[in-house]
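What you see below is based on every heavy atom in this structure, not just the backbone, and it leaves out hydrogens, waters and symmetry mates.
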Amino acid sequence: MATIDDVRALGAELERSYHVYVRGRLKFRVGQMVYVAFSLDETVMEFAFPKEERAALVSGDPRKFQMPSESDLRFNWVHADLASLEPTEARELVVDAWRMVVPQKLSRAYDLAHPRGPQ
């Protein structure tokens with residue numbers, strides 16, 4: 001079972017990433033782009049994910065993943081129940097979301113520095 005504390009430090013460690021609180025919700029940003037956000041009660045992690053792949057992700061495990069709200073369908077966004085994720089899986093989702101908002105050279109540098117993925 002993953003918790004917000006399993007990924008909070010990672011959001012600050014990733015290059016160009018920083019935390020902000022918006023209306024009480026923790027969000028991870030690169031520049032002005034949000035790539036991860038948590039619900040007010042910190043039970044749901046919303047993260048950047050390719051639109052063309054999200055239906056397959058959600059249908060593969062609907063207990064764990066949900067589509068975003070109707071108004072957010074236009075964005076590259078998916079919701080996950082934190083309690084249904086393993087800590088390592090939650091960290092991998094954060095890193096993959098971060099990859100969507102940074103230049104490829106930063107993503108490649110991360111892979112070289114972390115060959116086994118986020119720990």
Side-chain angles (χ1 to χ4, degrees):
M1 177 173 135
T3 66
I4 195 168
D5 291 329
D6 293 320
V7 297
R8 185 188 314 266
L10 181 60
E13 294 169 8
L14 295 169
E15 182 121 8
R16 297 186 186 177
S17 179
Y18 61 98
H19 297 116
V20 295
Y21 281 90
V22 178
R23 296 185 186 103
R25 294 178 57 194
L26 175 63
K27 298 183 179 201
F28 299 164
R29 286 184 175 173
V30 170
Q32 292 299 309
M33 297 188 71
V34 175
Y35 67 93
V36 172
F38 296 91
S39 62
L40 273 174
D41 64 3
E42 299 179 350
T43 60
V44 176
M45 180 173 80
E46 304 166 359
F47 57 96
F49 195 82
K51 280 193 255 185
E52 56 278 352
E53 297 174 23
R54 68 181 170 197
L57 178 72
V58 171
S59 66
D61 197 342
R63 174 183 63 83
K64 192 181 291 189
F65 301 106
Q66 299 84 41
M67 295 295 274
S69 64
E70 189 79 25
S71 62
D72 286 342
L73 283 174
R74 61 192 167 133
F75 300 113
N76 293 319
W77 215 237
V78 172
H79 296 189
D81 175 36
L82 268 175
S84 299
L85 299 173
E86 292 298 321
T88 302
E89 182 180 22
R91 287 189 290 271
E92 289 172 356
L93 291 170
V94 169
V95 170
D96 288 344
W98 169 80
R99 290 177 195 281
M100 291 184 67
V101 297
V102 295
Q104 286 184 0
K105 68 179 182 178
L106 292 182
S107 181
R108 286 191 295 268
Y110 180 86
D111 290 340
L112 291 173
H114 302 88
R116 295 208 251 142
Q119 299 302 315

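- Between Leu10 and Pro118, the shortest heavy-atom contact is CD2-CB, 4.3 Å.
- Looking at every heavy atom in both residues, Ser39 comes nearest to Asp41 through OG-OD1, 2.6 Å.
- For the pairing with Val95, the side-chain contact (heavy atoms from CB on, under 4.5 Å) check across Arg91, Glu92, Arg99 returns one residue only, Arg99.
- Residue Lys27 holds its NZ atom at 13.0 Å from CE of Met33, rounded to the nearest 0.5 Å.
- Taking every heavy atom of both residues into account, Arg25 and Ala37 meet most closely at NH2-CB, 3.7 Å.
- For the atom pair Phe28 CZ and His19 NE2, the distance stands at 4.0 Å (nearest 0.5 Å).
- Of the inter-residue distances, the one linking Asp72 atom CG with Met67 atom CE reads 11.0 Å to the nearest 0.5 angstrom.
- Hydrophobic clustering, defined by side-chain heavy atoms of Ile, Leu, Val, Met, Phe, Trp and Tyr closer than 4.5 Å, leaves Val44 isolated from every other such residue.
- Cluster annotation: Met100 and Val34 are assigned to distinct hydrophobic clusters (Ile/Leu/Val/Met/Phe/Trp/Tyr, side-chain heavy-atom contacts under 4.5 Å, transitive).
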Stepwise side-chain contact (heavy atoms from CB on, under 4.5 Å) check, Val78 with Leu93: CA-CA 10 Å; Val78 172; Leu93 291 170; over 6 Å; no
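- A donor-acceptor contact shorter than 3.5 Å is absent between the side chain of Lys64 and the backbone of Ala80.
- Arg8 is listed as a side-chain neighbour of Leu26, based on a closest heavy-atom distance under 4.5 Å.
- One N or O on the side chain of Arg54 and one on the backbone of Leu73 form a donor-acceptor pair closer than 3.5 Å.
- Note on ring orientation: taking the six-membered ring where Trp is involved, the planes of His114 and Tyr110 are parallel (angle under 30°, cut-offs 30° and 60°).
- Rounding to the nearest 0.5 Å places CH2 of Trp77 at 12.5 Å from OG of Ser71.
- Annotation: the span from Thr3 atom OG1 to Met45 atom CE amounts to 11.0 Å, rounded to 0.5 Å.
- Hydrophobic clustering (side-chain heavy atoms under 4.5 Å, transitive across Ile, Leu, Val, Met, Phe, Trp, Tyr) groups Tyr21 together with Ile4.
- By the neighbour-count criterion of 12 heavy atoms within 6.0 Å, atom CD of Glu52 is densely surrounded, having more than that number from other residues, nucleotides or ligands.
- The aromatic rings of Phe47 and Phe65 lie perpendicular to each other, with more than 60° between the two planes, well past the 30° mark.
- Val20 belongs to a hydrophobic cluster whose other members, connected by ILVMFWY side-chain contacts under 4.5 Å either directly or through intermediates, are Tyr18, Val22.
- Between the side chain of Asn76 and the backbone N or O of Lys51 there is at least one donor-acceptor pair closer than 3.5 Å.
- Atoms CD and CG, on Glu42 and Asp5 in that order, are 7.5 Å from each other to the nearest 0.5 Å.
- Using a 4.0 Å cut-off between charged side-chain N and carboxylate O, Asp111 and Arg108 make no salt bridge.
- Put simply, the side chain of Trp98 never gets that close to the backbone of Arg16: no donor and acceptor are under 3.5 Å apart.
- Closest approach of Ala48 to Ala97, counting heavy atoms only: O-CB, 3.5 Å.
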